[in-house]
Peer 1: 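Below is one structure. I have some questions about it.
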Amino acid sequence: MKKVLSILFVLTLAILLAGCKGDKEISGSGMIQDVNVRRAISMAIDKAYYTDTILANESYPADYYIPYNFYGGIGDNGEGVDFRVRAEQVFGDFLPFTKYDMPAGSAESQSPSGYNHYNIEEAKQLWEDSRKRFGIEKDETVVFKMLVHNTASWTSLYDHVKAEIEKNLTGTKIKIISVTFGEKLDKAPTGDFDILFSGWGPDYMDPITYLDLFVTGNGHNNIHYSNPEYDYLINQAKIGAFQGQERLDAYVRAEKILLQDDVALLPIFQSNSVGLRRTQLQNFYTQSVGPDYILKWVSWDTTDDAWAAKEADLKAARIDGDETVLKLLETSKIPDMASFTTTDQVSFYNLAQINEGLMVAGNPQSNEQYLPGMAESYTVSEDGKVYTFTLREDQPWVKSDGTQYNNEVVTAEDFVFAWRKLADPRVASEYSYLLETIGVKGWEIAYEDVTDMTDAEIDTELAKLGVEATGEFELTVTLNTAADYFLGMMSFPSFYPVNEAFYTSLGEDYGKTLTPENLLYNGAYYLSNWDNNGHTLQKSDLYWDKDTVSIDKVIYELVESAEPEVQVQMYLDGDIDSVILRTGALVETYGARSDVRTTGSTTAWYLEFNINNH
Amino acid sequence: MEKLLEVKNLNVTFETHGGTVQAIRDVSFDLHRGETLAVVGESGSGKSVMTKSVMRLLADNGNIKHGEILYHYEDGTIVDIAKLRDGEMHKIRGAEIAMVFQDPMTSLNPTMTIGKQIMEPIMKHQNLSKKDARQKAIELISMVKIDRPTKRMKQYPHEFSGGMRQRIVIAVALACNPNILICDEPTTALDVTIQAQIIDLIKELQQQTKAAVIFITHDLGVVANIADRVAVMYAGKICEIGTSSDVFYTPAHPYTWGLLASKPNTDNLGEKLYSIPGTPPNLLDPPKGDAFALRSNYALELDFEEQPPMFKISDTHYAATWLLHPDAPKVEPPKVVQRRGAKKGVTNNG
Amino acid sequence: MNNMKNDFSKIKIDKSKLKLVSNRIEESEEISGVSLGYWKDSFRRLLHNKIATISLILIGFIFIFSIFITSTTPHSTVIEPQIKDPDTGQMISKKSLTSVPPRIKGLEWLGWFDGRVDKLLPKIALENEVKYPKDTYEIVECEEGNTGKEMCTIDLDVYKQNGIEQLYFTFGTDQLARDNWTRVWAGVRNSLAIGLLAAVFDIVMGVIYGSICGFYGGTKVDNIMMRFIEIYGSIPSIVLLILLLSFMDRGFGALIIALGLTGWIGVARMVRAQYLRYREHDFVLASRTIGASTKRLIFKHIFPNIIGQIVILATFSIPAAIFYEASLSFIGLGLPTDQASLGTLINNGITQRSVSAYLLWIPTIVLSIVMLAINLLANGLRDALDPRLRGR
Amino acid sequence: MLRYVWNRILMIFVTLFLILTINFLLLYLMPGSPFQNPRLTPSQRERIEDKYGLNDPVLVQYGRYMYKVSKLDFGGTIATNTYDDIFEEYIIDRLPLTAKIGGIALIIGTVIGITFGALAAIRRNSWLDNSVTVLGVIGVSIPSFVFAAILQEVFAINLDWLPLFYREANPDIGHSLKDQNLGMIMPIIALSVLPIASIMRYMRTELVEVFSSDYILLAQAKGLSKPAVIFKHAIRNALIPVITIIGPMAINLIAGSLVIERFFNIPGLSNSLVTFTLAKETYATLAINFFYSFMYVTVILIVDILYGVIDPRIRLASNSKLGLIGKLIKSIKRKFQSDNAGGEVNE
């Protein structure tokens, strides 16, 4: 028996040894402080391989932080200017930019614009020099800790980054610390990492939504990046010191400081997606900011030519008599539908269909970012700090059966009530920071410690918020600073109106999910059915712009954790009308079909270097 | 006396990982109505295998290689149990031949009431209604001297003591008045006081039912008490068979001598007890000659080469040892055995 | 029998041999007393079980082979192979090595390891001769697809398409251009190591806990300890796992401890039951009467009797741990993907199954073989170590 | 008997209380916050956590929670506005389906497992026995998600006989009741593989052991036919140990298999358990945990009682683990025995 045990023991030991053989390992947290080390790492990663071969979904390999197709500031002719185009004009030493017509995988797709371009030779040189400078012995391996979240779809990226760095920079090891998304958020502020994987999608149409993160002391600045010049540029832009072109150029400079001078970030790619979508769907385009689609503008091409031979039966299913139906897939549940507390993309998306703010996102076919929604018209004061909105007088509040609620229509008071809820420290809305972002007068109340205040005192404070009903249908908003993106933000769900009487009748249950009765609707659609299998949006006949709305019924089927292949199969079976091809394998299989659509996005994915590592 | 069972040249083997074990080698004997045949021998000598072959209850890997087991029905028909089909065998088991097992703690089904277990063979073999079978079972319980039989019917084995369980097993065995009762070491697992009670019970019931009893034991004391005839088994063979007095007072086989000498009794009081040296042979590869020769103090050279045949000593007494050959050297059995024989007043006729 | 007569004339024997000889007891002891030790006997019986023997050899082979393979190809489990083109001396681009199907020299005729895949493409895609050069595929069939386009199934030689005809990847490569062969073996090694170590952890914890419970069986100590087990056992193991993983860096060590922490209860229960059984046995009472210490009683008297049971349980808990790890990988809580395990490989294979089916089937088959072998060995061990079956 | 059950039920309450306490502490110790929005700055998060009392001392939180539980309010989700009372709105809602799928899988597993296990034991070493052994080993050797993948590939994608995954009947989306029932087939098959394999193996082993016992020999010696021996004597005795594994298996199946739930989109509990735990939704996790533990202890009680029904030896047996209760039962048992002891002969 002893023999058997000892054999087992030796074998186990053997495996362990085989598993973790290797050189002396030293922590890389000191080295990561060095800008050249960071630059070496930045140049060592073949981003195009990831976007073109692994994802194969026409995402752009990025050497930049602020994405393409993101319009910021005002150009010379008064219109929005693509940030990257301007960046090229300012720092003209970039490669020529060809954007959409560049074929995936071609030489041109190798990061046309940006800093620290993929260059193995230079990376190796920088790394060897740094090793010498730090006095690293030949047999020593430098270990960098990379903190990531364990979402299945990202593991390829982590493995790729790890492989690239370890291959190109000899004597390095990337230790992947894979935690859940929630844990990552907790772990990141502790600074126990060398490299952190992050992504950021814009909240509003201004580059500041990206750049603000790395201002000294920002809550999201996990790497404790601090550069006085950078801070100066951003803070000045925030208070409106720069206007128009000047402001855009300030941002371009700030990005260059962040990426080129300090190498605080290692951009990986700007994500796009390739999907299958019925060719007959029209105006089904994603927006760069805010909810993915605005269903209000979507329609079926009902002409017979549009339905190819084999999809004729689909037409019968989608256009049944007078009713047109759209079927879509939802992969995660809606967590909360109270517009002033919710935080989640799915919730925002659905709120954008069933409720409407002062502004509404424009038809993607046109060039308009936003159009008047609940506000019929507005005026701006000369200094750009006071907005006066004139509301529509005929938009009823709709119940989940499609009828009007208590004969009530949307009034200015509904907006005031909602905004005060957003700012109310007792509600503690996670999205109250948006009030600061747009710079509403008196936003500070949202962050105040109110434990010692009475309810009445808080209410008095809230009344000082810069939003006022100056008439039944007139809303006045007073801002601290003038911001270009203010109007665009008015289409964001956090600023949607809420009917006070209805809210009071429900209390905490307002916006509770799975119960369409706990919401009032003023948008193009209302929720007619909502359970664990999904939900149905029904066209609202009481909507002011109902003639624009083309699709009568939108059915969302909820399939949590559906495998990418299963999702595609659902599309092929005719269960849904649009699907995203989530793996390179799927893109390769289905990418050449005629119903393939590429959708851009302005989400940037990057690695952060822990500069202020102790 | 009416012959009930005739076993002729029975050979039983077991297939094991190690090879074929020859558990029973060329065994022959017969059994008459009303008599008690005791089979004695060390553990592993094949006693139990022999009786299980008679019941055809061998384990899956055991089979009757050749030989006959002839059962004589009361109407005179004779069947060969060794070749009987399963269906016919079911009719013999329990009804004609019944069996009592060694360990009463395990031989009753723990999840079935006592009554049901007794009624089972009655209903199977005697076509009685449930009510009559119940009545019969109650009678049987009182017959094996357990009181309050009606109440006992509803109880489970675990509520009974070992002795009581063995009584129940006997009641089950006797339920259909079998002609042959095989008792496979029925008292080994019991206390001494209860042993006596059980043996008395078997004796008493045998007199009542006139059944023939095959009584397997390694306890010679029990044998003297109960047996009409005794068969001594060693290494899968019967080495000596005869009436009780034949075997006890004029044993002829050296193994029987050893057995008798190693048993304490009034004859060898105060002496150092004899013990047979060595261990029984491995039946995977049984020795060529007399299996006992290796351990015997009286071994002849021939014993290692030739199997001794069954020598007839008297009409009732047979033994398989070359010592009985007229040309063999005369040997003296151990003193204890001699003294025993002298007590009886008969000398060993060697 | 009655008709037997002592007809001595018929018995033909060498009468000279009818003489007394001294007994040969030593010989009798020798012949009949081929007594084997428990382990020897068990081992002998195990070897008699053909299936178990084959399994044992197979596991041993896989084990040694996996260690050998992974230790001779350094880092290949993490980094894709860097291969120089023998003709040009240039590095072959990573892209040419991505998702290459299996190909084995000499086995191409089998149809499985020939480096070719069937692909369904729209006919127009074939017009792109840069991606699909004419000589790299054969058209199997073309038909009208459901979008009204003509779709063709082609039999594509990926090695030729990628210009790496001189190379052979036994199990192909994955979507990150990593060699599947080394990854599968690394997966086998890691999975086996996880299974073994988790089993060791189970056994150590379980035996210690179970022994204490069993030895103090029926007393307050036992009572409290069993209560604890009951409560501990009723907490879903997945919650314990998540909790534990949230305190530790995800990886090999954490996983083993996590698996071990949830698996020892069965062992502890069994050990306790066995102790209670043996505690009352005469030999334990006997050694108690001669004043054996508690420690001695546990380790010298009782423990050897239950070790067979423990070995069986341990053998069964190895596949259980491998199985569990695989399931955890499926829900994203297993090993990080850069450390391959059979679970992570299969999980990756599931996402790639439409294009690279081999990435799913190869690790699945390997896992099934390993699990089958261990289970069959465990079955064999159970039979071999069963004292009731001794000598059969 | 009644008293025994009553005592056991009391004990269950004590156990459940301890389980809840330990679980609460464990989850409290787990790092992280239910508020996981990346856009939250630490100070904002602290403010929200304060609102929900998550930064109170552990004892205060524990007391508050226990007070709520004592009123049978298990709390709801914190970060999402979906469930006020997770037990009422979630568990009760989801249980019937998982119980149905798990129950059918268990029944299939038990019936097939016992039948084939018994057949294998009866026809030992036949081709049937060998194939049962091999299938049994294969059944426990291949992970369930591989089975699920194979089933989906073959029956849903290639043959198109069955729906890809489970969908509730919903005329609004266009799924009929037939779709719903067809959708249950694959998960049931995938779920029942493990019970079939393990029950089959277990049944075979137990029956083989029973066959070698003396009372089977006695039953044969009574002249009972083979079927009578098997059905009247062997099966019942072999079933006793089989029940011990069916009990925990039933919990696992009814609780649902995580992997199968994910694969076939079954709105079950175990998937949510993982989701809630990872999201640090403490109350929701605790409620499901509590529910599992409740099932666990109840099923064990049922198994014990069932045990008594099948095995008369344990009908009133004491449980040494139970201490005080054990003593009580022992005394009851003694009383019971002395009632019958009157006529016992001096044995």
Side-chain angles (χ1 to χ4, degrees), chain A residues 1 3-4 8-9 11-12 14-22 46 49 52-54 105 145 148 150-153 155-156 158-160 162-164 166-167 174-180 183 279 308-311 561 563-565 568 572 582-586 588-595, chain C residues 38-39 63 66-67 70-71 74-75 78-80 82 93-95 98-99 119-122 124-125 128 144-149 151 175-178 186 189-190 192-193 196-197 200 242 245-246 249-252 304 307 311 332-333 336-339 344 347-348 350-356:
Chain A
M1 189 58 209
K3 237 184 235 166
V4 177
L8 264 179
F9 185 73
L11 277 178
T12 319
I15 306 172
L16 280 180
L17 286 177
C20 52
K21 60 180 172 341
D46 183 356
Y49 178 80
D52 298 350
T53 308
I54 300 174
K145 283 198 268 183
V148 301
N150 64 351
T151 312
S153 51
T155 50
S156 294
Y158 308 147
D159 289 353
H160 174 65
K162 178 184 162 81
E164 286 286 306
E166 287 178 0
K167 181 180 73 177
I174 302 294
K175 192 180 168 206
I176 297 176
I177 302 169
S178 175
V179 296
T180 62
E183 285 172 53
T279 45
K310 286 211 169 177
E311 287 197 334
S561 69
E563 289 278 317
E565 308 232 349
V568 174
L572 298 177
R582 291 184 192 276
T583 64
L586 287 170
E588 202 182 335
T589 311
Y590 299 104
R593 284 171 57 115
S594 58
D595 49 354
Chain C
Y38 176 63
W39 294 105
F63 205 92
S66 66
I67 291 171
T70 50
S71 57
H75 294 298
V78 175
I79 297 182
E80 69 280 357
Q82 297 176 59
S93 82
K94 196 167 165 176
K95 209 169 170 182
T98 307
S99 296
K119 223 171 209 174
L120 186 71
L121 289 170
I124 31 167
N128 178 358
E144 180 109 343
N146 59 357
T147 50
K149 261 189 182 178
M151 301 294 284
Q175 77 276 22
L176 286 169
R178 291 176 296 199
R189 187 198 67 195
N190 287 345
L192 275 175
L196 261 177
L197 291 173
V200 168
I242 294 171
L245 290 176
S246 67
D249 283 349
R250 213 146 294 179
F252 208 79
I307 212 156
V311 169
L333 291 172
T337 46
D338 58 318
Q339 294 173 33
T344 54
N347 193 20
N348 182 40
I350 287 178
T351 64
Q352 301 290 317
R353 66 182 156 162
S354 63
V355 173
S356 317

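In what follows, every chain begins at residue 1, and chains take the letters A, B, ... in the order their sequences are listed. Here the structure is a predicted model, which means the values were calculated and not measured. All values below were derived from every heavy atom in this structure, side-chain atoms included, with hydrogens, water molecules and symmetry-related copies excluded.
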Peer 1: Can you tell whether the side chains of C:R353 and A:E563 come within less than 4.0 Å, N to carboxylate O?
Peer 2: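 Looking at A:E563 together with C:R353, the answer is no, because their closest N to O distance does not fall below 4.0 Å.
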Peer 1: Give me the atom names and distance for the closest heavy-atom approach of A:Y49 to C:T98.
Peer 2: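 Nearest pair, atom of A:Y49 first, then C:T98: OH-OG1, 2.5 Å.
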Peer 1: Should C:K94 and A:T53 be marked as a side chain to side chain contact (heavy atoms under 4.5 Å, CB included) after you check the CA-CA gap, both sets of side-chain angles, and the distance that decides it?
Peer 2: CA-CA 10 Å; C:K94 196 167 165 176; A:T53 308; over 6 Å; no
Peer 1: Which atom pair, heavy atoms only, marks the closest approach of C:T351 to A:E565?
Peer 2: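 Residues C:T351 and A:E565, closest heavy atoms: O-OE2, 3.4 Å.
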Peer 1: Which atoms of C:I350 are under 4.5 Å from chain A, going by heavy atoms: the side chain, the backbone, both sets, or neither?
Peer 2: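 For C:I350, backbone and side chain are both near chain A.
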Peer 1: How long is the span from the CD1 atom in C:I242 to the CD atom in A:E183, to the nearest 0.5 Å?
Peer 2: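 So the gap between those two atoms works out to 9.0 Å.
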Peer 1: Using a strict cut-off of less than 4.0 Å between a Lys/Arg side-chain nitrogen and an Asp/Glu carboxylate oxygen, indicate whether C:R178 and A:D159 qualify as a salt bridge.
Peer 2: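 Looking at C:R178 and A:D159, the cut-off is met.
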Peer 1: Please classify the contact between A:T583 and chain C as side chain, backbone, both or neither, with a heavy-atom cut-off of under 4.5 Å.
Peer 2: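 The answer is the side chain of A:T583.
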